[in-house]
Amino acid sequence: MTVLVIDDQIHVVEGILSEVSWENLGVDKVWKAYNAVEAKGILLLNKVDIMLCDIEMPGENGLSLLKWTQDQGMEVECIFLTAHADFVYARTAMQLGSFDYILQPARYEDIGNAILRAKQRIQEKREQQKFYSYGKTLFEERDRITDQLFREWYQEPENGERYCKLLEDMQKMGRHICDSSPCFLILCQILRWNNAPWERDLFRYSCANILEELFQEWNRKVYIGCLSHEEFIFLVYGEDGKQPDKEETRRQLERFFNTASRFFCCEQALYVSGTGMFRTMPGKLEVIRHKNKDNVARKPGIYEEEEKKETKADQILQPDFRTWETLLVRGMGKAVYEEACRYLQELADAEALNAESLQKFYNDFYRIICLTEEKTDTSWEDIFPEEQQRQTALHAYETLQNMQVFLKIVTSYFAEEEEDAGRAGGQVEAIKEYIYHHLDSDIRREDIAVQVFMNPNYVSRLFKKVEGISLKEFIVREKMKMARALLISSQLPVSIVALKVGYSNFSHFSQVYRKTFGVSPTDERKKQEE
C-alpha cells in the first residue's frame with residue numbers, strides 16, 4: 001500500500017511523515033509533495049493508492065488535483081485535510097468521490113484511522129473487481145462451452161454419450177432441459193444491418209430477454225447460440241411441459257420479428273421449426289437450415305418448417321440459352337443481362353426461386369460461358385481478372401445478389417460498344433502505339449485502357465476483333481521481335497536484353513523466346529557469332 005502526502009505547509013507534511021506509524025498501518029511507501037505540480041509528477045511516475053491532501057494550496061487546490069487524477073483514470077482514494085469547516089468544500093469533495101474529510105489540526109491517530117478505513121475500502125473494491133472479472137469470464141466461458149456442446153450434438157445426434165453429457169452440463173449451467181422438454185428452434189439470419197452491427201453477446205442477451213418476455217405465460221426459456229457472425233440459433237424450451245398453441249406461437253413470433261427489426265435496426269429472416277422433444281432438435285435444425293439455403297433472394301420474414309407453397313414455375317418460359325450464347329458472341333451482353341434478370345425475377349415472383357433452381361440456372365449459364373470463350377478466344381481470367389470477381393463467380397449460385405453480380409461481370413465483358421470501322425481502327429493504332437513505346441516495361445491491359453480512355457475489357461475485345469490476335473499475344477510477339485533484334489544487332493548480354501523488353505525473370509524470358517522462335521536466346525546469340 002502506498003501513500004502520497006500533499007500540503008503547502010512543510011511542518012504539516014514533516015509531522016505526518018514522522019509521527020504516523022506507517023509500518024503498523026501496512027504502508028510500504030510514503031511520498032511527499034508541497035503543491036499540486038509536484039504531486040502530479042509523483043502520480044504520473046508511481047502507483048499511489050491513497051492521497052492525503054490539503055484542500056487549500058497556492059496555485060491549484062486539492063479538489064482540482066483530485067479531479068485531474070480521475071480524468072487520468074487513476075484509482076486513488078483521497079483523504080482531504082482542511083483548517084476550515086466549510087460546507088461548500090465538503091459537498092464538492094463528496095461529489096468528487098473523496099473518501100474522507102479531516103479538519104485540521106487533526107490528531108495523528110485520527111489520520112491513521114482514516115488511512116486504515118481507506119485501505120479497507122481499497123481491498124473491498126479490488127475483491128469486487130476480482131469477482132466481477134471472474135464472473136464475467138465464467139459467463140462468457142459458459143456460453144462458449146454451451147455453443148460447442150450444442151454444435152457437436154447437432155453434428156452427431158446419434159452419439160448417446162455426448163447427448164447425456166450435454167444434458168448433464170446444461171443442468172449444471174442452470175439450464176433446466178431434460179430429454180422430453182418441449183422445444184422449438186429459430187434459425188435467425190441477419191440479412192442486412194441498417195445501422196452499425198450490434199455486438200454479438202449484447203445481441204444474444206437482448207433477443208433472449210425479448211423472447212422470454214413474450215413467452216412468459218408458458219414459462220419458456222431461451223438459449224441463443226452463435227453459428228456465425230450473422231447467423232444465430234434460438235432454442236425455445238419449456239421447463240414445466242406446458243406448450244402454447246400453434247396460432248399463439250405464430251403471433252408471438254411476429255411480435256418478436258417486428259420488435260427485433262425496429263430495435264436492432266436490421267433486416268432478418270427467421271426459420272422456425274415445429275415443436276418437439278429436445279432430443280429431436282438436430283433433425284429439425286437440418287430442416288430449417290435447408291429453408292435458409294432455399295431463401296436465395298434473402299427476403300426478410302418468418303419461414304416455418306411445415307410451410308409448403310405451390311409455385312407456378314411450370315408456367316414460366318425457360319431461357320433460350322443457345323440464343324444467349326449467340327448474343328454474347330456478337331457482343332450483345334446487355335440484352336442477355338436484361339433477359340437473365342427478367343427470368344430470375346419471374347422465378348422469385350412465382351416463389352420458385354430456391355437453391356435448386358438457382359443452381360440449375362448457374363450450371364446452364366456456365367456452359368454458355370465456356371462455349372462463348374471457345375468461339376471468341378477468351379479465357380476465364382480475361383472475364384474475371386480480379387480475385388474478388390473470381391470468388392463471386394465461384395459462389396454465384398448461393399444467393400440471388402451474388403448471381404446478379406456474376407451476370408453483370410460476364411455480360412459487361414461481352415457488351416460491344418457502338419463503334420464505326422474507322423474509329424475502331426484509330427483506337428487500335430493508339431493501343432499499338434502505346435505498346436511500341438513501352439516494350440521495356442511490364443505492359444498491363446489496365447494501363448493501356450487509361451491511356452486510350454477505354455474500359456479494360458473493351459480494349460481486349462476491340463483489339464482481337466480488329467487485329468485477329470489477342471492483345472496478350474500481340475504484346476508478347478512484339479517484345480520477342482525487339483529482343484531478337486537486340487540479340488542480332490548488339491553485344492548486350494542476354495540478361496540485359498531480357499530487361500530491355502520488360503522481363504526481370506531471365507528463365508521466364510528464355511522460355512517465352514524459345515516458344516516464339518524455337519530456339520533459346522543464348523543459342524540465337526551463338527548463331528550470330530558463328
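Index from 1, following the sequence.
Proximity of a side-chain donor or acceptor of Ser412 to a complementary backbone N or O of Ile409 within less than 3.5 Å is not detected. Looking at Thr280, its side chain never comes within 3.5 Å of a backbone N or O of Gly276 through a donor-acceptor pair. Between the Ser181 side chain and the Ile177 main chain, no donor and acceptor come within less than 3.5 Å of each other.
In this model, no donor atom of one side chain and acceptor atom of the other lie less than 3.5 Å apart for Asn61 and Ser64. For the residue pair Asn292/Tyr271, the side-chain donor-acceptor check at 3.5 Å is satisfied.
Here the options are Met74, Glu38, Gln72, the test is side chain to side chain contact (heavy atoms under 4.5 Å, CB included), and the partner is Leu43; only Met74 passes.
Checked against side chain to side chain contact (heavy atoms under 4.5 Å, CB included), His437 has the following partners two or more places apart in sequence or in another chain: Glu433.
Taking the six-membered ring where the residue is Trp, the centroids of Phe406 and Tyr362 are separated by under 6.0 Å. Aromatic ring centres of Tyr237 and Phe278 lie farther apart than the 6.0 Å criterion allows.
Aromatic ring pairs are classed by plane angle as parallel below 30°, tilted from 30° to 60° and perpendicular above 60°; the pair His438 and Tyr434 is parallel.
The pair Lys291-Asp294 fails the salt-bridge criterion, with no side-chain N (NZ, NE, NH1 or NH2) lying under 4.0 Å from an Asp/Glu carboxylate O.
For residues 260-278, the pairs satisfying salt bridge (Lys or Arg N to Asp or Glu O under 4.0 Å) are Arg192-Glu267, with sequence neighbours left out.
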